[in-house]
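The chains referred to below are lettered A, B, ... by the order of the sequence lines, with proteins before strands, and numbering in each begins at 1.
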Number of protein chains: 2
Amino acid sequence: MKNIEHSSKDWLPGISVDCVVFVFHENQLKYLTLKFLNSDIWSLAGGYVGNRESINDAAKRVLTERTGLTNIFLEQFYCFGEFGRNVNARAEFAKIKNDIGSTTDDLDWLSSRFISTGYVAVVDYEKVNVSLGDVSDQFMWQNVREFKQLFLDHNEILDKALVKLRECLDAKLIAFRLLPETFTMSEIQQVYEAILGASLVRTNFQRKILSLNILERIEKKFSGGAHKAPYLYRLKK
Amino acid sequence: MKNIEHSSKDWLPGISVDCVVFVFHENQLKYLTLKFLNSDIWSLAGGYVGNRESINDAAKRVLTERTGLTNIFLEQFYCFGEFGRNVNARAEFAKIKNDIGSTTDDLDWLSSRFISTGYVAVVDYEKVNVSLGDVSDQFMWQNVREFKQLFLDHNEILDKALVKLRECLDAKLIAFRLLPETFTMSEIQQVYEAILGASLVRTNFQRKILSLNILERIEKKFSGGAHKAPYLYRLKK
DNA sequence: CCAAAAGTGTTGCAACTACACCCATGG
DNA sequence: CCATGGGTGTAGTTGCAACACTTTTGG
């Protein structure tokens, strides 16, 4: 409860950031959700903005706190400022307050009107080490293809994040940030297919990716199967 | 000074909106700037957010207050949240305070940290009727090709607005919103050239625009010149 | 006739799609 | 040999750019 108790002094009132953290795992595109202490309410990874901190830095900090990672792809995509986006959810807040054992002041601050800026983050599943923080007791990587009811307007934030992710896919080389250091060509294709929600023709896809001239092929190969092993690739310096 | 005097009660603290209002006039793309009372400081059209008003509605309201128009193209493009974007400009605020005869409380509120969401607006020059409001004594339609030093980080806001405008140009049919009800084909081309900052081949451009199938040609024509008069077009319903 | 406006035709380029086909490799 | 992975060739399409050329119309 440290963050919330210090709230009115250390943090900007009425302003928050919410990060949609994407990973690729088990052949699916997933995003990070956190469950509030002792409740069944799931939210995106959010946080407040320090009095002397830029909102972009706040998003970076929240991401580092939750994932243990620095230097990750992070991009702002929209500012959610509807009246009632959280004010109309006093019941949800009251439940959370009760569950996490907050004081009345905290609830007043939490349930006062907030404007939240949304960020898309893209990380390598194998490198993430999720820390729950003070208000959550569980986390989950949620498949984007399965609907899950989220806190407040976080479903809307997720939808807009997915649109932004697709827009950035080629220009910002999103797919390679979702994969480990080395990967096979079909893994790249699976990432693209998961993000675009469509299947792609293998031969044309490989030509497109290789023509970018950003990959180098590593001669070491997979072992195991009763057939040819796929090549491994990694990003050129 | 009405708005500012009521500030701490009626408006959300620390949050504002800034609108970059574009028009097409004298064959140039221009944006609205306002000069603070008795000063030489020029800013974009900004405003605060009502306690019970969504930020998108606040932007709409600011736009209606300044231009007299409703139902105009308006789109959010970025949330500016650097620490110091206005806090480091106490000198500018002190000058404005002096010029507009504000009380100390107002200055404290004004110069406290603000986070501002940027909006692009696109309007028909012939329909705009600019109202100065309480803190400005002059306005100007500024050519985007000429640099002008603006208040705080408003030059950066303008730059990002222009990028957004170009991105929306085709998808949101921006050009037709910058023109009056009826227009000639070469006027449309001039708008495109002003926004893109490049010249286009007439024949190919006309083919592209007409193939959109959104225009109808009006048989009435211009009068005057010693040559064929251009056709007039208007958007289909 | 001239000048400006409006429109057509054609050529070539680049990107993408679909699909046929071939080679490589490990068992 | 088979199954899987990796890659080439090619034909068709689409969109766009460049440019030549024709037609319309008012004076």
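The distance between atom CG of Leu212(A) and atom C1' of dC16(C), rounded to the nearest whole Å, is 14 Å. Spacing between atom CD of Glu187(B) and atom C1' of dA6(C) amounts to 15 Å, rounded to whole angstrom units. At whole-Å resolution of the value, CD1 in Ile209(B) and P in dT8(C) are 16 Å apart. For the pair Gln189(B) CD and dA17(D) P, the interatomic distance rounds to 12 Å; values are reported in whole Å. Between Leu200(A) atom CG and dA15(C) atom C1' the separation is 15 Å, expressed in whole Å. Between Leu210(B) atom CG and dG9(C) atom P the separation is 14 Å, expressed in whole Å. Taking atom CD of residue Gln206(A) and atom C1' of nucleotide dA24(C), one finds them 14 Å apart after rounding to whole Å.
In this structure, Arg217(A) reaches the dG7(D) phosphate: one of its side-chain N or O atoms is under 4.0 Å from OP1 or OP2.
Aromatic pair Phe151(A)/Phe36(A): ring centres closer than 6.0 Å.
As judged by a 4.0 angstrom heavy-atom cut-off over every strand, Ser186(A) is placed among residues making no nucleic acid contact. Residue Phe205(B) is out of contact with every strand shown, counting any heavy-atom pair closer than 4.0 Å.
Counting only heavy atoms from C-beta on, Tyr233(B) has its side chain closest to dG7(C) among dA18(C), dG7(C), dA17(D). The nucleotide whose nearest atom lies closest to any side-chain atom of Asn204(B) is, among dA18(D), dG6(D), dA6(C), dA18(D). With distances taken from any side-chain atom of Val201(B) to the nucleotides dC19(C), dA18(D), dG6(D), the minimum falls on dA18(D). Of the candidate nucleotides dA6(C), dT10(C), dG6(D), dG6(D) has the atom lying nearest to any side-chain atom of Tyr231(A).
Both cation-pi conditions hold for Lys160(B) and Tyr78(B): the charged atom is under 6.0 angstrom from the six-membered ring centre and inside a 45 degree cone around its axis. Seen from the ring of Phe73(A), Arg177(A) does not count as a face-on cation partner, given the 6.0 Å and 45° thresholds.
Put simply, the side chain of Arg202(A) and the base of dG6(D) share a donor and an acceptor less than 3.5 Å apart. Remark: the Arg207(A) side chain and the dG6(D) base include no donor-acceptor N/O pair separated by less than 3.5 Å.
Of the two residues contacting DNA chain D, namely Thr203(B) and Lys208(B), the nearest-nucleotide position lying further toward the 5' end is that of Lys208(B).
Arg166(A) CZ: more than 12 foreign heavy atoms inside a 6.0 Å radius. Remark: Gln138(A) CD is packed, more than 12 non-hydrogen atoms of other residues, nucleotides or ligands lying under 6.0 Å away.
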